[in-house]
Amino acid sequence: MPHADMDLDEALAVAHLPALLAALVHVTGDAGWLKPEWAPTYVPLSQGDPGLPQEVQQEIRDKAKVALGHFRASGKVSVASPDAPTLRRMMDFVAGAPIPEQYAPFLIDELAVSGTSSKDPQFEQPQLKAAARKLKTLVIGAGMSGLLTGIRLKQAGVSFEIIESNPDVGGTWLVNTYPGCRVDNSNHMYSYSFEPNHAWPQHFSPQPELLKYFRNVAAKYDIRPHIRFETTVESLSWDEGRGVWRVSVRGKDGKSEVIEANAVVTAVGQLNKPRVPNIEGVDSFAGPAFHSQRWRHDVELAGKRVAVIGTGASAYQFVPEIAPKVAQLTVFQRTPPWGLPVPHYHEDVPEGVKWLLEHVPYYDKWYRFWLFWMSTEGFLPMVKADEGWNGPTTAVGAENLGLREMAAAALAAQVADRPDLLPNVVPTYPVGGKRAVLDNGVWLGALKRPNVSLVTDAITKITPKGVVTADGTEHEVDVLIYGTGFTASSFLSGLKVTGRDGRDLHDVWKGDARAYLGMTTPGFPNFFMIYGPNTNIVVNGSIIFFSECSVRYIVGCLRLLAETGAKAMEAKKDVHDAFNIRVDEANKGWAWGSPNVTSWYKNEFGRVSQNWPFGLIDYWRATLAPNPDDFVLTRQPEPVA
Ligand code: NAP
């Protein structure tokens, strides 16, 4: 972390000026910093450039320098809390456009301007605390969402245990170690809202940094003693008479044991079961073959002929890393990815920014607010389908077409010197149809290398020597790497869950997983999922936001059990079904729901089983607290004291 007396000019030179001006309102107690002539005018994909003339930017920096100098000299620690109308003005100012009124309470909560958030568990009365202690909860998984659940349950006073099959915390950030693996959401947003990290080394930090963050959080909240590592949950079954889940786990010694719990939370992630395509001869390849998530660090790639199948988010990160090392790289592409220009994708966070985040009160919150707004609700209109759209099928609406043109031009500019690549690197599906990747030029830079070839003919066969394509060519290689993604639609695969009346969850779902708010399914009392069906996002924001909302709701459900003395709660079928109808209908209104798109967001029935089709505000609102009317509550004969 940069020292406290850092040169202000150095810090101000790299400040996000709208966030700085909002912070100065707190620092000085003067809303006069929100001058209309200093208001930003962003253009899409401009990465926060406020669009102000250089002399105006310098004027802001000069005035900010004086104000921050006074603040520093005063030694003050407390700053002003603007009233609600001023906060509204500050939001509009930083966002660069008026934010709809309904968003104000949501964003104020996200900012935690008052120092508290609706996500903090509220089990304040002693009676509730006593009841909470009796509710044993079993959490499956110690990745991002499992750790979060542990932290919140601990804060609520609910006794809990976490079962983790890996030897450490971190989930996806533990198991994905392929070269170039890094977060593709801004790190200052991809972190728990209550655990900001002002020292992120990069805007999109590499995997080891993410793993370090989650390990540090686990240590800070002392969650490890609650975790059984290298232990696998084999099956769960609901004991209706006693109102408990009986969970069979197998430890690293191979012995099975049954743990009983009042509630179960699955925090098993979703993109974790590698999908190796069912191509003829897939097992016949004679050399090393592995999936991106099971990277073989023992396989030396230098000087080898390497094939990569797939061009999704994982391949997009590791191809540029391995391309300079290998003798020959053949990339097999079925569909090109949309890249959105993000020039600072691999850049370090300047020391001045770290200083501002750490030392200027509220700068971190307003910077996060800006990232949040611009990459979430502020971005959504660009992937919305216009009703009755009769424009080209390469877009779903007018704004989407505009975005397409901008993104396509950025891709075309990169291959101006290789026109042969152009037809194969600009997707024909709408932007937002699949996960877009962040483009700083390294992907197409790799594809343009003389030792790299992009093959777009369909793969027909894998042989001991390599990959055969539809044109009959056998591409001979030494190593085969699958960047072919995950079996994401198979929610909770490998987990046998037997609910009320002996119902098997996978028999109920029949491959078409559904849940109420992504978390609960009728017939499975006190069973809660995080990152369950229809809680994913394509373009708008960080999955941590969803996990925090889900955990708040789940803790709220446990609170409801404690308050009412009920032994079990399960979603009403009509509530669940009506919700899913709304979800399916709404998913048609977005680029990812377009019939012109195939992706892992859709299941084998073509249903979008992954995505939340409403705004983030809607998930935030829907998960503030459970509505008791949505549930069947089964009372205990004797209420909890
Ligand atoms: P993916 O996005 O599902 O990409 C799989 C790739 O394999 C696609 O290009 C797909 O082509 C191709 N493919 C599949 N079967 C094929 C076949 N039989 N023949 C030829 N090509 C085939 O998987 P991923 O790249 O591992 O990413 C999955 C998700 O993980 C991402 O969407 C993202 O949410 C997450 N992720 C995040 C990060 C990050 O934050 N840093 C990094 C990596 C992944 P089609 O497109 O034609 O199906």
Side-chain angles (χ1 to χ4, degrees), residues 143-144 171-173 175-187 189-190 202-211 269-282 290-295 307-321 330-339 342 345-346 375 424-425 427-429 432-439 443 454-462 467-470 475 480-489 531 535-544 546 592 596-603 610-611:
M144 177 276 287
T172 198
W173 298 110
V175 297
N176 279 285
T177 61
Y178 60 79
C181 180
R182 63 173 66 229
V183 64
D184 66 1
N185 251 286
S186 277
N187 251 159
M189 196 169 75
Y190 189 88
Q202 299 203 332
H203 299 280
F204 305 86
S205 299
Q207 169 264 337
E209 288 296 331
L210 273 293
L211 182 56
Q270 192 193 27
L271 298 163
N272 53 10
K273 300 255 175 346
R275 186 167 66 90
V276 172
N278 190 15
I279 302 171
E280 184 190 332
V282 71
F290 54 88
H291 184 275
S292 60
Q293 195 227 52
R294 309 253 163 101
W295 196 269
V308 169
I309 301 181
T311 53
S314 300
Y316 193 84
Q317 292 183 328
F318 70 73
V319 160
E321 297 292 321
T330 312
V331 178
F332 293 89
Q333 173 180 280
R334 196 162 61 179
T335 317
W338 269 116
V342 177
Y345 183 33
H346 288 178
S375 61
N424 294 327
V425 299
T428 52
Y429 62 88
K434 302 183 194 227
R435 176 107 182 151
V437 284
L438 307 186
D439 183 10
W443 168 251
L454 181 67
V455 175
T456 55
D457 291 308
I459 298 171
T460 52
K461 200 159 60 163
I462 300 211
V467 180
V468 179
T469 43
H475 304 264
L480 184 48
I481 306 176
Y482 292 97
T484 43
F486 302 90
T487 55
S489 294
Y531 208 177
T535 57
N536 207 340
I537 37 185
V538 183
V539 288
N540 53 321
S542 131
I543 199 65
I544 296 184
F546 271 79
W592 56 83
N596 303 321
V597 171
T598 53
S599 75
W600 62 264
Y601 298 126
K602 294 180 179 173
N603 65 18
Q610 303 286 338
N611 300 331

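In this chain, residues are counted from 1 in sequence order. Remember, it's 1-based here, ligands and their atoms both numbered in the order they're listed.
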> Look at ligand 1 and say whether F332 reaches it with a heavy atom at a distance under 4.0 Å.
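No.
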> Show which atoms of ligand 1 fall inside a sub-4.0 Å distance from at least one heavy-atom site of G310.
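Once the distances to G310 are compared, the set is 6 (C), 7 (O), 9 (O), 12 (C).
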> Could you check whether any heavy atom of R275 sits closer than 4.0 Å to an atom of ligand 1, since that is the contact criterion I want to use?
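Judged by the 4.0 Å heavy-atom criterion, R275 does count as contacting ligand 1.
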> Does the side chain of Q317 pick up a donor-acceptor pair with the side chain of Y345 at under 3.5 Å?
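There is such a pair between these side chains.
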> Taking only heavy atoms of Y178, which atoms of ligand 1 are found under 4.0 Å from at least one of them?
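Once the distances to Y178 are compared, the set is 42 (C), 43 (C).
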> So if I count the atoms of ligand 1 from 1 in the order they appear, which ones are less than 4.0 Å from some heavy atom of I309?
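It comes down to these atoms of ligand 1: 20 (C), 21 (N).
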> Answer yes or no for G483: is there a heavy-atom contact with ligand 1 below 4.0 Å?
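Within the 4.0 Å threshold, so yes.
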> State if K434 counts as touching ligand 1 under the rule of any non-hydrogen atom under 4.0 Å.
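Contact check K434 vs ligand 1: positive.
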> On the six-membered ring of Y429, is K434 placed so that its NZ or CZ lies under 6.0 angstrom from the centre and within 45° of the ring axis?
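Verdict for Y429: a cation-pi partner in K434.
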> Would you check if there is a donor-acceptor pair between the side chains of N536 and Y531 at a distance under 3.5 Å?
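Short answer, yes.
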> When you measure from the centre of the six-membered ring of Y482, is the NZ or CZ of R275 under 6.0 Å away and within 45° of the axis?
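No, R275 does not lie over the aromatic ring of Y482.
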> Of all the atoms in ligand 1, which lie at a distance below 4.0 Å from a heavy atom belonging to R435?
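Listed by number with element, the hits are 32 (O), 33 (C), 34 (O).
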> Which atoms from ligand 1 have a heavy atom of P277 less than 4.0 Å away?
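Listed by number with element: 18 (N).
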> Just verifying a value: how many Å separate F332 CZ and D457 CG, rounded to the nearest 0.5 Å?
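Here the interatomic distance stands at 9.5 Å.
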> What atoms of ligand 1 come closer than 4.0 angstrom to any heavy atom of R182?
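It comes down to these atoms of ligand 1: 39 (C), 40 (O), 41 (N).
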> Minimum heavy-atom separation for Q207 and N176, please, with both atom names.
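Result for this residue pair: CG-O, 3.1 Å.
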> Counting each atom of ligand 1 from 1 as listed, which ones have a heavy atom of V183 under 4.0 Å away?
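Those of ligand 1 that fall under 4.0 Å from V183 are 41 (N).
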> Is the side chain of S292 donor-acceptor paired with the backbone N or O of A315 at a distance under 3.5 Å, no angle test?
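Not at all, since once roles are kept as given, no pair shorter than 3.5 Å links the two residues.
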